[in-house]
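The block underneath contains the structure these notes are about, expressed in structure tokens.
Because the structure is predicted, anything quoted here is derived from the model rather than measured. As the structure lists them, so they are numbered: ligands from 1, and atoms in each ligand from 1.
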Amino acid sequence: MFKIPFLDLPPLRGAAGTVRLPGSKSISNRVLLLAALSEGRTVVRDLLASDDTAVMLESLRTLGCAVWREGGDVVIDGLGGQLRAKEAKLFLGNAGTAMRPLTAALSLLAATQGGSFEVSGVPRMHERPIGDLVDALRGLGCEIDDLGNAGYPPLRLRGPSTLALDTPVRVRGDVSSQFLTALLLALPLVAERDIRIEVIGELISKPYIEITLALLARFGIQVRREGWAAFVIPAGSRYVSPGEVFVEGDASSASYFVGLGAIAATDVPIRIEGVGSESLQGDVRFIEAAAAMGAEVKAGPNWLEVKRGAWPLKGLTLDCNHIPDAAMTLTVMALYADGPTTLTNIASWRVKETDRIAAMATELRKLGATVDEGPDWIRVQPLQRWQAAVIHTYDDHRVAMCFSLAAFNGLVTTAAKPVRILEPHCVAKTFPDYFETLFGVVSVDVADVPVITIDGPTASGKGTLADETAKLLGFNVLDSGALYRVTGLAARRAGLDLDDGDAVAAIVPTLQLRFADGQVFLGQEDVSARLRAEATGLLASQVAVHPQVRRALHQLQLDFRRLPGLVADGRDMGTAIFPDAALKVFLTASAATRAERRYKQLISKGISANIEGLRADLEARDERDKNRSTSPLEPAQDAQLLDNSALTIEASVDQMLAWWQQRRPF
Ligand code: DC
């Protein structure tokens with residue numbers, strides 16, 4: 001995926017429809033590790049495809065596990081507790097759900113079978129504490145070297161060494177529940193006798209331990225527990241693959257759509273598929289918090305439906321220890337409430353992908369909100385006077401997803417403001433298609449969807465400039481010339497007289513046009529290459545003179561104006577089709593330059609060409625486009641002129657972005 005530097009969300013107005021959630025991150029990475037430690041083959045269905053699962057899969061491969069894809073499934077042949085690689089360096093990105101359990105499992109395997117393993121991650125990973133887990137493992141007799149700051153990754157795990165399993169393993173439970181999860185997942189590797197784990201301090205995020213216990217049970221390990229204070233892995237425990245595992249949808253990811261329904265689904269609910277009342281994940285209890293804020297929620301076994309209930313939402317005070325990740329969403333919902341919202345018992349936010357209390361407070365304030373914070377709490381006041389804000393995301397997927405809900409400010413203020421999300425690709429950690437999924441269920445005033453038009457004569461480089469600009473902004477592209485080209489081609493194939501405007505216009509509604517991945521399909525046929533041919537360009541310019549044809553293609557072009565924005569190139573984009581475009585550019589280059597570019601293009605494709613002939617063709621086409629009576633080629637009055645004869649593509653794109661930035665409220 002191309003990484004765009006920012007994504008601008010225009011004011012969003014409503015929500016309705018169905019989303020299918022990607023697989024749960026917590027379940028996915030636990031299942032992958034359990035499958036790898038088990039004997040036998042496990043087929044994992046609906047696995048989350050994301051950065052965090054990718055690093056886990058890659059690590060398992062490095063450790064000698066056979067892992068492959070079959071259709072949408074991932075198949076793993078487990079190691080059966082036997083190391084195949086005795087030395088490895090594992091890079092785990094910013095995936096806590098990979099770092100902690102792999103550290104535990106590899107420490108124990110190195111101790112019993114010998115080996116040396118290095119685990120490391122991105123710089124932020126090296127700031128996320130792991131000392132409590134390391135202490136517990138060292139207490140057992142594992143040899144662990146700090147390769148950076150003591151108590152933080154990177155680490156070296158080596159062996160053999162002698163394990164002392166007859167005394168209880170003691171681990172702190174009040175910083176991250178992942179330390180306990182890591183031990184629970186890994187200690188069955190060495191359970192020749194009962195192994196007792198004792199939790200020091202009040203265990204946080206208990207629902208995540210429930211997920212761990214439920215999945216261990218699926219893999220044949222029945223952990224006994226004494227409240228939340230002690231856990232016993234019975235002697236003789238062995239991982240046994242269940243053969244097949246279905247991964248639930250991610251309940252934390254559901255929170256954005258629950259919030260969306262509560263804020264914006266005024267009529268038809270938002271239906272969320274993949275989580276529901278039977279989910280293992282504690283974060284489904286986010287629906288109780290949303291309901292307390294006013295959402296109307298219905299739940300089935302693996303689905304939720306959410307609509308707006310109370311409006312404005314109701315501010316509340318809530319202990320969020322049981323829903324640490326999903327609770328972040330409440331802080332943005334709080335902006336739409338009738339009074340303050342206070343979330344307590346959330347100290348773990350400070351050691352996640354970023355310091356999430358600080359991050360949410362800082363970014364909410366940019367929108368204009370009043371926010372107070374303490375070591376383990378945050379309070380957010382409702383917001384009336386919204387500001388257009390540039391949201392830093394701190395490489396934290398949840399910050400990015402949460403702030404998309406700020407784009408609904410037009411529901412509470414007449415002066416609706418867009419929201420800019422920096423580095424939006426960070427959502428790939430758990431939800432690579434988040435924004436596309438969101439755009440699929442929200443409504444917008446079409447006038448709010450920004451359009452950039454690029455008009456100009458043939459071979460001036462409009463297409464390239466439009467594509468590059470759109471790529472950087474994450475916008476859609478309309479190559480309007482392709483519509484005229486396809487019309488010309490279809491008219492010629494149908495044997496029509498190209499001077500008969502009515503006849504040519506009449507075939508437009510019958511065209512079975514489809515645009516996919518930069519290709520154009522007419523019915524089943526990929527006509528992209530045909531469309532680019534010089535001869536087709538001439539057909540296009542012939543049919544384009546007819547007002548009937550231009551009218552017939554009008555709506556089709558307007559339909560390209562979709563979230564999050566559009567770059568449209570052609571001859572009359574800024575004058576006739578999108579007169580309200582926020583930025584209009586008229587691109588020119590000398591006839592000599594354009595003929596030369598076209599010549600090089602053709603030669604590089606192995607098509608012979610004559611530069612003089614090309615120039616004559618271009619000039620003839622320019623004349624026809626300029627002198628026709630409807631929508632002649634001319635700059636819009638408010639267009640920026642850009643002569644790119646002497647400019648590189650990069651320089652032209654930079655100029656476009658500079659003009660665009662001048663028109664933005666940020
Ligand atoms: O941009 P292009 O070379 O693909 O366009 C082919 C012809 O289509 C061009 O000569 C004129 C016509 N056209 C038009 O009239 N209006 C547009 N918006 C785009 C193209």
Test: Arg561 and Asp580 ion pair at under 4.0 Å:
yes

Can you name the residues that come within less than 4.0 Å of ligand 1, going by heavy atoms only?
Thr458, Lys462, Ser480, Gly481, Tyr484, Arg485, Ala540, Ser541, Ala544, Arg550, Gly570, Arg571, Asp572, Met573, Arg621, Asp625, Arg628

Would you tell me whether Tyr484 and Arg571 have side-chain atoms, one donor and one acceptor, within less than 3.5 Å of each other?
no

Distance only, no hydrogens: is a donor on one side chain within 3.5 Å (strictly under) of an acceptor on the other, for Asn94 and Glu353?
no

Modelled atom types, side-chain donor and acceptor of Arg385 and Asn409, under 3.5 Å
no

Pair Tyr434 and Phe257, ring centroids less than 6.0 Å apart
yes

Is there a donor-acceptor contact under 3.5 Å from the side chain of Thr437 to the main chain of Asp433?
yes

